Amino acid sequence: MVVVLLAVAAVAMVGFSSCKKERNKSKLLIKKWTIEKVEFLGGDVTGAFKGATFDFKSDGKYVMTYKDSEETGPLTRVLPKEGEWNMAEDGSWVKLNGVKYTIEEESDWTRIHLSGPVKLTLK
């Protein structure tokens, strides 16, 4: 009986892991994500990205568009305006131009938190 329960638990974990990847990937692709908050080196630099959006493309590329074509100067080196993205097999992280960000979901599906060298909240 214990062996059967362990087998069922293992299958469920594998199933949920792949579901999480597909759910997170689908979540990134469904809309353009507005940047709500940006933290860099422990400081809030959200103002430099006010109104900016992320558009994750199904071909593995992304584009960040600034409201009114504003530029953020040196911060674009930290968070490039365009590039490539890919995701972990288990959906736990995404890489933007090779830089890894851990994905932290919210249960209501309205926001995504990306934690890496820059901490992002997208809504």
Side-chain angles (χ1 to χ4, degrees):
M1 183 68 167
V2 172
V3 173
V4 172
L5 289 175
L6 288 174
V8 170
V11 169
M13 286 184 355
V14 169
F16 288 129
S17 293
S18 63
C19 287
K20 183 177 180 183
K21 177 188 180 186
E22 292 308 313
R23 183 177 67 230
N24 282 346
K25 187 170 186 176
S26 296
K27 190 174 182 180
L28 288 175
L29 292 171
I30 60 171
K31 69 176 190 172
K32 290 183 180 180
W33 289 91
T34 302
I35 295 177
E36 182 177 55
K37 187 170 185 177
V38 182
E39 293 179 48
F40 180 61
L41 297 175
D44 187 339
V45 293
T46 305
F49 294 92
K50 186 173 180 150
T53 59
F54 265 99
D55 189 4
F56 294 94
K57 309 286 187 180
S58 60
D59 65 357
K61 297 186 190 277
Y62 77 87
V63 176
M64 187 171 44
T65 307
Y66 296 95
K67 186 177 181 179
D68 302 325
S69 299
E70 295 175 12
E71 292 291 329
T72 61
L75 289 175
T76 58
R77 283 184 237 132
V78 176
L79 194 59
K81 291 172 40 173
E82 55 187 37
E84 296 182 2
W85 71 280
N86 60 21
M87 185 175 287
E89 285 299 317
D90 66 357
S92 63
W93 55 259
V94 64
K95 284 187 178 180
L96 304 177
N97 289 332
V99 179
K100 185 177 174 181
Y101 292 84
T102 303
I103 298 173
E104 299 169 20
E105 302 176 49
E106 287 196 12
S107 60
D108 64 0
W109 292 68
T110 59
R111 287 179 176 77
I112 298 174
H113 301 277
L114 302 178
S115 296
V118 177
K119 291 186 178 183
L120 301 167
T121 301
L122 308 176
K123 66 176 182 173

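The structure presented is a predicted model; accordingly, all values stated were derived computationally and were not measured. Atom set for the values below is all heavy atoms of this structure, side chains included, hydrogens, waters and symmetry mates excluded.
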Within-4.5 Å side-chain heavy-atom neighbours: I35 and T53: no
Exercise: identify the closest heavy-atom pair between P117 and K100: CD-O, 4.0 Å
Inter-residue atom distance K37.NZ - K123.NZ, 0.5 Å rounding: 13.0 Å
Partner set under side chain to side chain donor-acceptor pair (under 3.5 Å) for T46, not counting sequence neighbours: D44
Heavy-atom closest contact (Y101 atom, V118 atom, distance): CE2-O, 3.1 Å
E39 atom CD, over 12 foreign heavy atoms within 6.0 Å: yes
Considering all heavy atoms, the nearest T121-H113 contact: OG1-ND1, 3.1 Å
Shortest non-hydrogen contact from W33 toward T110: CZ3-O, 3.7 Å
Parallel, tilted or perpendicular: rings of F56 and W85 (30°, 60°): perpendicular
Closest non-hydrogen atom pair, V94 against L114: CG1-CD2, 3.8 Å
Residue list, salt bridge (Lys or Arg N to Asp or Glu O under 4.0 Å) with K57, at least two apart or on another chain: D55
Residues in salt bridge (Lys or Arg N to Asp or Glu O under 4.0 Å) contact with E84, at least two apart in sequence or another chain: none
Value rounded to 0.5 Å, distance of CG in N97 from NZ in K61: 10.0 Å
Step-by-step side-chain contact (heavy atoms from CB on, under 4.5 Å) determination, T65 to K32: CA-CA 10 Å; T65 307; K32 290 183 180 180; 5.6 Å; no
